[in-house]
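Below is one structure, written out as structure tokens; the observations come after it.
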Amino acid sequence: MNLYHFLTANTVRTWLLALTLGGLPMMMTACGGDTQTGPDLPPLPEQNDDQTPGNDDSDDDDSANTDVDPLYMVGSATPGGWSLDNKEALQPQSDNEAIYQWQGELGAGEIKFAHYEATDFCGGAWLLASSEAEAVSLDGSGNAYTWTEDCPDETGVSDWKWTVETAGVYEILVNTDEERVYFALEEAEPTTEEPADNGIHLFLVGDATPGGWSLGDATMMDRGTDNADQYTVTLELTSGSFKIAMAESAPELSFDPGHDWIHPNTEGQPLVETAYSIVTAGEGEDYKWQVSEDQAGTYDIAVDLDAETILIDPQ
């Protein structure tokens with residue numbers, strides 16, 4: 001019963017009591033007697049025409065309760081990083097002050113929560129992961145947390161953080177009754193992974209190539225943009241022989257022992273065969289591919305270091 005109903009019900013009871021004790025003469029003056037009055041009654045509560053008892057027309061956000069201190073989060077995965085000046089606030093729900101919520105973008109990295117207006121990392125209460133580098137659970141089961149006051153580690157609680165592995169848009173709910181944190185990945189950030197750089201470049205050398213046996217004029221193959229182990233080149237091959245040097249850069253090319261080269265498995269191996277061997281100079285046979293006069297022309301050459309194949313295709 002709200003205040004309005006309480007006062008209205010008590011007013012009716014008071015008047016009924018007055019009628020029982022004093023009868024009608026307390027209410028009437030028609031017979032010329034002295035007028036008797038009942039007890040003083042409180043006035044009816046004033047009502048706003050635009051508001052009925054129990055309703056609240058305030059402009060407060062339906063999803064946030066601003067009367068309860070928010071929870072904060074920091075970490076390399078959050079928009080503000082580890083800066084306490086740029087920490088992210090989670091707001092308590094309007095219908096359940098034990099649940100804090102946040103929605104926004106998280107990057108790959110670490111995250112932990114502070115249950116106070118954090119100004120340094122050694123004060124107030126911190127909500128921490130239950131194990132080191134604990135991955136956030138995305139299956140709806142949530143992650144349990146531990147908490148400590150003041151400096152973690154110094155209080156016997158390890159300063160463990162959660163790890164966000166997939167960047168994207170998240171909704172986070174912290175339930176302080178359950179002592180669990182719920183992470184929901186709403187939209188993953190598109191990833192464009194760069195191919196792993198093996199640091200190796202391939203160079204064609206030999207009198208069948210445009211640069212001959214000059215290492216300064218060796219023909220460098222193009223490395224794949226999607227797969228760094230794949231190399232391609234289109235060039236004119238003349239009558240003669242060639243092999244392929246492996247080096248991190250052109251200035252490092254050398255015929256000296258200790259440098260790796262790609263060779264056919266036999267001398268004069270047919271150009272249609274796809275097998276090859278990597279031989280360190282000075283430690284194996286110096287086989288070369290042979291191009292006859294009849295075979296001279298424009299070729300597409302592709303080397304796949306991962307599949308260990310070479311394609312030498314005439315155009």
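As a basis for the values below, the full set of heavy atoms in this structure was taken, side chains included, without hydrogen atoms, waters or symmetry mates.
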[X] versus [Y], closest heavy-atom pair with distance:
| X | Y | result |
| --- | --- | --- |
| Ile111 | Lys161 | O-CB, 3.5 Å |
| Ala114 | Leu71 | O-CD1, 3.5 Å |
| Gln93 | Leu173 | NE2-CD2, 4.0 Å |
| Leu185 | Thr166 | CD2-CG2, 3.9 Å |
| His259 | Ser254 | NE2-CB, 3.5 Å |
| Tyr182 | Asn175 | CE1-CB, 4.3 Å |

Check: Within a reach of under 6.0 Å around CD of Gln315, are more than 12 heavy atoms found that belong to other residues, nucleotides or ligands?
Finding: yes
Exercise. So with a 6.0 Å cut-off around CD of Glu186, is the heavy-atom count from everything else above 12?
Worked result: yes
Going by the angle between their ring planes, with limits at 30° and 60°, are Phe121 and Trp126 parallel, tilted or perpendicular? parallel
[X] versus [Y]: any side-chain heavy-atom pair under 4.5 Å?
| X | Y | value |
| --- | --- | --- |
| Val291 | Thr238 | no |
| Phe203 | Val233 | no |
| Glu132 | Ser158 | no |
| Val279 | Glu285 | no |
| Tyr100 | Val181 | no |

Distance from [X] atom [atom1] to [Y] atom [atom2], nearest 0.5 Å?
| X | Y | atom1 | atom2 | value |
| --- | --- | --- | --- | --- |
| Asp260 | Ser277 | CG | OG | 12.0 Å |
| Tyr231 | Ile301 | OH | CD1 | 15.0 Å |
| Lys243 | Ile262 | NZ | CD1 | 12.0 Å |
| Asp313 | Asp300 | CG | CG | 6.5 Å |
| Gln230 | Thr225 | CD | OG1 | 9.5 Å |
| Ile244 | Thr219 | CD1 | OG1 | 10.5 Å |

Sub-3.5 Å donor-acceptor pair from the side chain of [X] to the main-chain atoms of [Y], do we have one?
| X | Y | result |
| --- | --- | --- |
| Asp177 | Ile99 | no |
| Glu189 | Glu105 | no |
| Glu267 | Lys288 | yes |
| Glu273 | Pro270 | no |
| His115 | Ala125 | no |
| Asp207 | Ser241 | yes |
| Arg223 | Leu202 | no |
| Thr78 | Gly81 | yes |

Report the C-alpha separation of Gln269 and Tyr287 in whole Å, then their side-chain angles, then the decisive distance to 0.1 Å, and conclude whether the side-chain contact (heavy atoms from CB on, under 4.5 Å) test is met. CA-CA 9 Å; Gln269 174 178 302; Tyr287 295 143; over 6 Å; no
Practice problem: Kindly indicate, with the supporting measurements, whether the criterion side-chain contact (heavy atoms from CB on, under 4.5 Å) is fulfilled by Ser76 and Trp82. | Solution: CA-CA 6 Å; Ser76 57; Trp82 288 109; 3.8 Å; yes
Is [Y] reachable from [X] through a run of hydrophobic residues whose side-chain heavy atoms are each under 4.5 Å from the next?
| X | Y | value |
| --- | --- | --- |
| Met73 | Leu127 | yes |
| Leu90 | Val164 | yes |
| Leu84 | Leu128 | yes |
| Leu237 | Met221 | yes |
| Ile200 | Ile278 | yes |

Give the C-alpha distance, both sets of side-chain angles, the deciding distance and a yes or no for side-chain contact (heavy atoms from CB on, under 4.5 Å) between Leu138 and Tyr170.
CA-CA 10 Å; Leu138 299 179; Tyr170 281 80; 3.8 Å; yes
Q.
Check for me whether the distance between the ring centres of Phe113 and Trp162 falls short of 6.0 Å.
A. yes
Evaluate side-chain contact (heavy atoms from CB on, under 4.5 Å) for Leu106 paired with Val136, printing each intermediate quantity in order. CA-CA 12 Å; Leu106 293 178; Val136 300; over 6 Å; no
- Task: Check the pair Thr232, Asp222 against side-chain hydrogen bond (donor to acceptor under 3.5 Å, both in side chains), reporting the backbone distance first and the verdict last.
- Result: CA-CA 5 Å; Thr232 58; Asp222 297 322; 4.9 Å; no
Across all chains, not counting sequence neighbours, the side chain to side chain contact (heavy atoms under 4.5 Å, CB included) partners of Asn86 are Ser83
Please test Trp261 against Phe255 for ring pair (Phe, Tyr, Trp, His ring centres under 6.0 Å), starting from the C-alpha separation and ending with a verdict. CA-CA 9 Å; Trp261 290 77; Phe255 292 112; 5.4 Å; yes
